[in-house]
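These notes concern the structure reproduced below.
Every number for a ligand or one of its atoms is a count from 1 in the order of the listing. Throughout, residue positions are numbered sequentially from 1 according to the sequence presented.
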Amino acid sequence: MAQESRRLAFNTRAIHAGEAPDPATGASAPNLVMSTTFVTDPGASFSAEDFGEATPFIYTRWGNPTVDQLERKLASLEEAEACIAFGSGMAAITALFFHVLKPGDHLIISDVTYAATAEFSKDFLPRLGIEVTKVDMSDARNVAAALRGNTRLIYAESPANPLIRLTDILAVGKLAREAKALFAVDSTFATPVATRPLRLGADFVLHSLTKYLGGHGDAIGGAILGGRSALAEIKKGIAIRTGGILSPFNAWLIMRGIATLSIRMKAHQEGASAVAAFLEGHPKVKRVIYPGLASHPQHALARRQMDNFSGMLTFQVADGPAAARVLAERLEVIHYAVSLGHHRSLVFYLATEDMLRTSFALGPEAEASYRSFAGDGIFRFSAGLEDPRDLCEDLDRALAAIS
Ligand SMILES: *Cc1c(COP(=O)(O)O)cnc(C)c1O
């Protein structure tokens, strides 16, 4: 496609890549094709084995024109050869594990990741005969120390949910190459506006499209991006067969969200910076973690690795559980809810004891690192696109009510 062969700027690609006016009607906006099946010629194969890039649309679990447009757009933004969209971020992440890992393989994974990723790697992968080592990936030396002859995959999340702790992608990518292991990065918090992990040495990038890429809290989706041949294997071997595919309607919504990704990320950063500065000066707030603050323990890495500090921050107060009850009741603009990356601001309290019990079974050293970012618990705050003054006032009002 013309837009992809020329080097257009990121914003232009966010709008045009993957799309083209409909040849039949001239429609400028992408068509929403909800058809599950497509009229084919009688020679069409019915096995995923025969699936290739030239395969026409046959059945939407195999491929769909609207989902295809989204995949091309995402590939362009992450500077990837190929992309597969999935029905959720977790469908994408587990598909990658199933593709890369087999019994006897060793996985090195960040000890803090999105909770479902942490739980899947802790509880499920070992049952398949996969050895799992969890390391604190804020220090690449921990990855080097954990490498073994059978290490097949290194998996990072940067910034990691919920700590907003970073991994040096360039450094870990180098270790992975030397060890002949594959390297995957969940870049949901960063988005391609901030960081392009493939350029820094990752083999795969993962996204929960539910968050910043969709951006409006109304469509769950996920994606894997990487090299053409690996992604073709994932498509044939996993995506078509396990079937966790993205609905065309969600693809259409997410594509519409991506058109404004750059300007939204600018505004998310602006909102988060204003809220972070406000909270850092608030007498009832003990600690604020935001990559854009000089006080973030990895601020230098954030400046190197992130072109945008994104909209995620955490803060700590003296009595988190009590404050959570007050915030849930008193906040008027900000929603007390999980998820993130939406145009609406969201806040949610994550007690350290709970997280360590349910998601992250950490050793003493890793627990110390966790606590150095989270204390006894954090409010994870996702700055939306409201006026930052209204966000600060909302928080100020609610914080005034905590004892
Ligand atoms: C939300 C999230 C996921 C999971 O995505 P779903 O779309 O909810 O399945 C994975 N990784 C990160 C970093 C997330 O924030």
Side-chain angles (χ1 to χ4, degrees), residues 67 70 74 78 83-98 109-122 124 137-138 155-167 169 184-195 197 202 204-225 238-239 242-247 249-251 253-254 257-258 265 268 272 289 291 305-306 309-314 337-342 344-348 350 355 358-360 373-374 378-384:
V67 176
L70 169 67
L74 285 167
E78 279 291 4
C83 170
I84 305 173
F86 287 86
S88 69
M90 284 317 300
I93 291 163
T94 52
L96 181 80
F97 288 145
F98 287 136
I109 184 166
S110 169
D111 60 10
V112 176
T113 59
Y114 182 69
T117 308
E119 290 163 13
F120 188 81
S121 59
K122 173 167 70 75
F124 194 86
M137 280 204 194
S138 63
Y155 185 98
E157 194 176 295
S158 188
N161 188 357
L163 295 187
I164 327 221
R165 200 177 67 185
L166 276 56
T167 291
I169 297 170
V185 178
D186 181 337
S187 195
T188 298
F189 273 34
T191 84
V193 170
T195 309
F204 298 103
V205 181
L206 299 128
H207 282 288
S208 167
L209 304 176
T210 317
K211 314 296 169 53
Y212 288 105
L213 287 152
H216 296 77
D218 51 16
I220 288 188
I224 306 178
L225 297 108
I238 312 286
T242 58
I245 55 129
L246 186 65
S247 145
F249 184 46
N250 280 12
L253 286 170
I254 292 163
I258 292 174
M265 291 310 292
H268 282 301
I289 302 253
Q305 189 166 282
M306 301 179 77
F309 295 123
S310 194
M312 297 305 300
L313 62 92
T314 69
V338 297
S339 202
L340 56 109
H342 305 170
R344 288 181 199 86
S345 290
L346 305 170
V347 71
F348 197 78
L350 301 158
M355 298 304 285
T358 58
S359 302
F360 314 116
F373 275 78
I378 41 177
F379 284 94
R380 184 184 62 191
F381 181 77
S382 171

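In this structure the side chain of V112 reaches within 4.5 angstrom of the side chain of P162, judged on heavy atoms. Put simply, the side chain of S158 does not reach to within 4.5 Å of the side chain of M137, judged on heavy atoms. For the pair I258 and L70, the minimum side-chain heavy-atom distance is below 4.5 Å. Here the side chains of E78 and P197 are in contact, with some heavy-atom distance below 4.5 Å. Under the 4.5 Å side-chain criterion, counting only non-hydrogen atoms from C-beta, N161 is not in contact with T188.
For atom 6 (P) of ligand 1, the closest heavy atom belonging to the protein is G89 N, 3.4 Å. Looking only at heavy atoms of the protein, atom 7 (O) of ligand 1 is closest to T210 OG1, 2.6 Å. Atom 4 (C) of ligand 1 has its closest protein heavy atom at Y114 CE2, 3.3 Å.
Interface of D186 with ligand 1, defined as ligand atoms under 4.0 Å from a residue heavy atom, comprises 10 (C), 11 (N), 12 (C), 13 (C). For ligand 1 and N161, the ligand atoms under 4.0 Å from any heavy atom of the residue are 14 (C), 15 (O). Heavy-atom proximity to G221, at under 4.0 Å, picks out these atoms of ligand 1: 7 (O). Set against the non-hydrogen atoms of F189, the atoms of ligand 1 under 4.0 Å away are 15 (O).
Counting only non-hydrogen atoms, the option in K211, H207, M90 that gets closest to atom 14 (C) of ligand 1 is K211.
Side chain of E157 to main chain of F189: no donor-acceptor pair is present (N/O by atom type, distance under 3.5 Å, no hydrogens or angles).
Ring geometry for F120 against F97 counts as parallel: the plane angle stays under 30°, on a 0 to 90° scale with 60° as the upper cut.
At a heavy-atom cutoff of 4.0 Å, ligand 1 is contacted by the side chain of I93 but not by its backbone.
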